[in-house]
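Note that ligands are numbered from 1 as they come in the structure, with each ligand's atoms numbered from 1 the same way.
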Amino acid sequence: MKLGIIGLPLSGRSTIFEALTRQEADPASRGEDRLGVVRVPDERVDALSRMFSPRKTIYAQVEYLLPGTGGAKKEQSPWQPVKECDALIHIVRNHGPERTPLRDFQALDQELILSDLVQVEKRIERIELDQRRGKKLNPEEHRLLADSRSLLEAETPLRRRPEIAAAKALRGFMLLSAKPVLVVFNNEESDPAMPDTGDLAGRERCLVLRGRLEQELARLSADEVGDFMAGYGITVSATDLMIRLSYEVLGLASFFTVGSDEVRAWTIHRGISAVEAAGVIHTDFQKGFIRAEVIAYHDLMAAGSTAEARRQGTFRLEGKSYEVKDGDIINFRFNV
Ligand SMILES: Nc1nc2c(ncn2[C@@H]2O[C@H](COP(=O)(O)OP(=O)(O)OP(=O)(O)O)[C@@H](O)[C@H]2O)c(=O)[nH]1
Ligand SMILES: [Mg+2]
């Protein structure tokens with residue numbers, strides 16, 4: 001799952017990308033797309049790892065893409081790299097002498113909408129032309145495109161309408177305004193406050209982050225971090241929070257497998273069934289699925305050990321169609 005970082009020039013995209021991925025600027029690859037794989041911090045995985053002392057502990061991951069300024073691939077649309085992402089991180093400048101965060105957010109959001117509108121109109125023209133030439137039109141696609149056009153003409157991003165944002169017939173267009181967004185206000189070091197942006201926070205998922213401060217934090221060694229955070233009066237890294245919110249924006253959840261060999265977080269789309277979750281681990285688990293032995297994270301922690309949880313009867317046997325919950329600890333039983 002990949003999140004594309006967008007923002008107006010000088011909003012702080014590079015700074016935040018480097019804080020997130022702990023990468024340093026690389027002058028050799030200037031202008032090229034940058035990709036960073038980031039571990040999703042999860043205190044449940046930490047706690048499970050303490051409980052089982054496994055040989056390996058594996059966290060969930062997300063990927064961030066910072067599009068380059070072009071160069072090599074001049075003929076392609078500058079949006080192409082982010083079109084292939086599952087969600088967007090929209091960085092909004094809220095530092096420097098003159099700050100207009102709401103206006104900045106809207107300006108770039110309008111660009112997404114305009115890019116979609118151009119694409120949707122082209123497609124509508126194309127299929128109407130085909131129809132006049134006798135080709136059968138897909139009424140479902142045509143209706144969805146026409147609805148999208150009306151929304152976009154009214155300057156409404158398509159993500160506002162889940163039935164359009166999720167429509168299979170539109171998926172191939174990879175429309176930008178249909179992608180889920182996390183809005184990140186990039187504040188001055190001295191300013192932890194959410195800027196006043198009217199009712200934006202009611203419509204979009206928003207987060208405040210101090211990019212430069214987070215970048216410094218990312219460069220420190222583990223034993224320097226505590227003092228630095230205390231100095232700024234912060235208790236959690238905003239970067240960690242941003243990664244967790246990225247996971248939410250993507251509609252993802254984690255289930256866990258545990259044992260002395262490995263404690264591992266597995267990434268799933270929220271709402272999938274036990275048999276689908278089994279397939280995330282291995283197709284054999286899915287094909288030969290018998291039952292899932294499930295316990296909620298909090299029940300296991302309350303019991304203190306799997307043996308005690310079994311005694312208390314908090315382990316459940318679930319069938320194929322059980323809807324996996326975030327934080328479930330699962331042991332799959334299967335035939336090969
Ligand atoms: N005060 C302050 N300045 C910041 C912060 N984040 C970025 N800047 C400054 O803003 C400028 C732009 O930051 P970048 O991270 O390069 O932003 P960008 O969006 O990648 O910019 P371009 O790629 O050059 O368009 C730089 O001078 C940064 O030092 C921040 O959190 N606080
Ligand atoms: Mg940059």
Between the Mg ion (ligand 2) and S14, is there an N, O or S atom separated by less than 2.8 Å? yes
Does the ring center of Y232 lie less than 6.0 Å from the ring center of F228? yes
When the aromatic ring centroids of F334 and F285 are compared, is their separation below 6.0 Å? yes
Counting only heavy atoms, which portion of H95 has something under 4.0 Å from ligand 1: side chain, backbone, both, or neither? side chain
Heavy-atom distances under 4.0 Å decide this one: backbone, side chain, both or neither, for N187 against ligand 1? backbone
Examine the side chains of D46 and Y59 and answer whether a donor and an acceptor come within less than 3.5 Å of each other. yes
Within a distance under 4.0 Å of any heavy atom of P9, pick out the atoms of ligand 1 and give their elements. 25 (O)
If you compare G7, G12, P67 by their heavy atoms, the one closest to atom 13 (O) of ligand 1 turns out to be G12
When you check the gap from the basic side-chain N to the acidic O, do D147 and R143 get nearer than 4.0 Å? yes
So is there a nitrogen or oxygen of R210 less than 3.5 Å from a nitrogen or oxygen in ligand 1? no
of all protein heavy atoms, closest to atom 16 (O) of ligand 1 is S14 CB, 4.0 Å
Hey, is ligand 1 close enough to G211 that some N/O pair sits below 3.5 Å? yes
Checking a contact table here: which protein heavy atom is nearest atom 32 (N) of ligand 1, and how many Å away? E189 OE1, 3.5 Å
Are D326 and R44 ion-paired here, with the side-chain N under 4.0 Å from a carboxylate O? yes
Could you tell me the residue and atom name of the protein heavy atom closest to atom 1 (N) of ligand 1, and the distance to it rounded to 0.1 Å? E188 OE2, 2.7 Å
Any non-hydrogen protein atom below 4.0 Å of atom 5 (C) of ligand 1? yes
Side chain or backbone, does L10 bring an N or O within less than 3.5 Å of an N or O on ligand 1? yes
Donor-acceptor pair, side chain of E224 and main chain of S221, under 3.5 angstrom: yes
Should the heavy atoms of other residues, nucleotides or ligands under 6.0 Å from NZ of K320 be counted, would the total exceed 12? no
Less than 4.0 angstrom from a charged side-chain N to a carboxylate O is my criterion; do D109 and R203 meet it? no
Looking at non-hydrogen atoms alone, which of R212, R13, E214, E18 comes nearest to atom 31 (O) of ligand 1? R212
Is E204 salt-bridged to R160, going by a charged N under 4.0 Å from an acidic O? yes
What residue and atom, counting heavy atoms only, is the protein's closest point to atom 7 (C) of ligand 1, and at what distance? T15 OG1, 3.5 Å
